[in-house]
2 protein chains.
Amino acid sequence: MSEPLNLASVNVSVTPEEKFQEFLGTKGMRLTHERSLIVEEVFADHSHFDAEELVDRLKKRNVSRATVYRTLNCLEEAGLLRKVARTNDRDVYEHDYGYPQHDHLICGKCGSLTEFHSEGLAELLSSVSSKHGFLMEGHRLEVYGTCSSCAKPPKRQFRKLDMI
Amino acid sequence: MSEPLNLASVNVSVTPEEKFQEFLGTKGMRLTHERSLIVEEVFADHSHFDAEELVDRLKKRNVSRATVYRTLNCLEEAGLLRKVARTNDRDVYEHDYGYPQHDHLICGKCGSLTEFHSEGLAELLSSVSSKHGFLMEGHRLEVYGTCSSCAKPPKRQFRKLDMI
DNA sequence: TTGATTGCAAACGCTTTGCAACCGT
DNA sequence: ACGGTTGCAAAGCGTTTGCAATCAA
């Protein structure tokens, strides 16, 4: 059902919580206090995280591990989150709503994820897909290597050539 | 450092087993009967598989689950196999030796993997990487969607309009 | 003999699930 | 009261590991 306009929170975009509520509605599910806390915690900042990190953060708010896992699956199905990688045998999530399409450079040394966007990639993929009669719905691209920080020589260390 | 040329093993092709043995040697490990059976089974054909499938096939040959898992890790480290995707919470392997670089279209309906190769992709990725000072070592690209077979109408099923 | 390797079973880590208690409407 | 929801603990599942027995150089 459409709510009366709430200009304070609408204006341009629909908040993640609102979008989630809409999704839950179509499934005969409710936006409970716990789910609300989870959404709040997840969208507090735009960073990558895994389930266990979230579980930790929400333990303090008295939300159980089971509920966090269950809700993560809902958020993914609702299109608010997506899995972007796998690190240490854990799925890594990121926002998939109100955030532009991008992929990641994954550093094998420090594990950091660097986001990038490439115009050409989307075209390339849809071209390849249509060539195979494949109906593309999405993709996941992980580029492995070493990030610029880790590639630099360790900081605060004299290089022999400088010592003469 | 550059080794003296070994014409016998360069030029033409070294079998996977030979390459594995070479790798094992550098690690002070041996090419045992079990490992040999595993390599044979893995490279019998060029198809994608997961650990459990291999375990099944090798159970008949009296190789234990533990040894299969241990050897898969070795083969990956040796550069003979690589993980290309994850299906049903299982890592999917494919040959990474004597086979050209490619990526996959993954059907969400039947789970099939379709290989494709794109010239443009490699250039695009190295361009993006250098732009971020990232030293690319490899990548993994999975395109999700529906394969051409699954996209077609189900076979052998009457459509109501045909029945008049 | 020595050290690598194997099979077994138990352990592991992440995730899911059965179930009884518990809301919210 | 009626469903959906929660927390708990147990189960699941793929994968790893400790260990004693075994094997090969």
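By convention in this document, chain letters (A, B, ...) are assigned in the order of the sequence lines, proteins followed by strands, and residues within each chain are numbered from 1. Atom set for the values below is all heavy atoms of this structure, side chains included, hydrogens, waters and symmetry mates excluded.
- When the side-chain nitrogen and oxygen atoms of A:Tyr69 are compared with OP1 and OP2 of C:dT16, none of them lie within a distance under 4.0 Å.
- Counting any heavy atom pair closer than 4.0 Å across all strands shown, B:Asp50 reaches no nucleic acid atom.
- The nearest whole Å value for the distance from the CG atom in B:Asp89 to the P atom in C:dC12 is 22 Å.
- Whole-Å rounding puts the A:Leu58 CG to D:dG7 P distance at 10 Å.
- Rounded to a whole Å, the CE atom of A:Met29 is 22 Å from the P atom of D:dC2.
- In terms of position along DNA chain C, the nucleotide closest to B:Gly28 lies nearer the 5' end than the nucleotide closest to the other residue of the pair B:Gly28 and B:Val63.
- The phosphate of C:dT6 (OP1 or OP2) has a side-chain N or O of B:Thr32 nearer than 4.0 angstrom.
- Using a 4.0 Å heavy-atom cutoff across all strands shown, A:Asn62 reaches sugar-phosphate atoms only and no base atom.
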(message) What verdict does the side-chain hydrogen bond (donor to acceptor under 3.5 Å, both in side chains) test give for B:Ser36 and B:Glu17, after you've listed the backbone C-alpha separation in whole Å, the side-chain angles of each residue and the deciding distance to 0.1 Å?
(response) CA-CA 7 Å; B:Ser36 203; B:Glu17 181 162 8; 2.6 Å; yes
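- In terms of phosphate contacts, B:Arg35 brings a side-chain nitrogen or oxygen within less than 4.0 Å of OP1 or OP2 of C:dT6.
- Minimum heavy-atom separation, A:Ile106 to B:Phe134: O-CZ, 3.4 Å.
- Between A:Asn73 atom CG and C:dT17 atom C1' the separation is 12 Å, expressed in whole Å.
- By the 30° and 60° cut-offs, the orientation of the rings of A:His104 relative to A:His48 is perpendicular.
- Classified by interplanar angle (parallel below 30°, tilted 30° to 60°, perpendicular above 60°), the ring pair B:His95/B:Phe43 is tilted.
- Each of B:Asn88 and B:Ala66 lies near DNA chain D, and the nucleotide nearest B:Asn88 is the one positioned closer to the 5' end.
- One atom, CG of B:Leu24, and another, P of D:dA24, lie 16 Å apart when rounded to the nearest Å.
- Atoms CZ (A:Arg70) and C1' (D:dA9) sit 12 Å apart, rounded to a whole Å.
- Computed from coordinates, the B:His33 NE2 to D:dT22 C1' distance equals 15 Å when rounded to whole Å.
- Among the protein residues, A:Arg30 comes within range of the nucleic acid bases, having at least one heavy atom under 4.0 Å from a base atom.
- Of the N and O atoms on the side chains of A:Thr67 and A:Ser64, at least one donor lies less than 3.5 Å from an acceptor on the other residue.
- Phosphate contact (OP1/OP2 of D:dG7, side-chain N/O of A:Thr67, threshold under 4.0 Å): present.
- Regarding A:Glu34, its CD atom lies at a distance of 18 Å from the P atom of C:dA21, rounded to whole Å.
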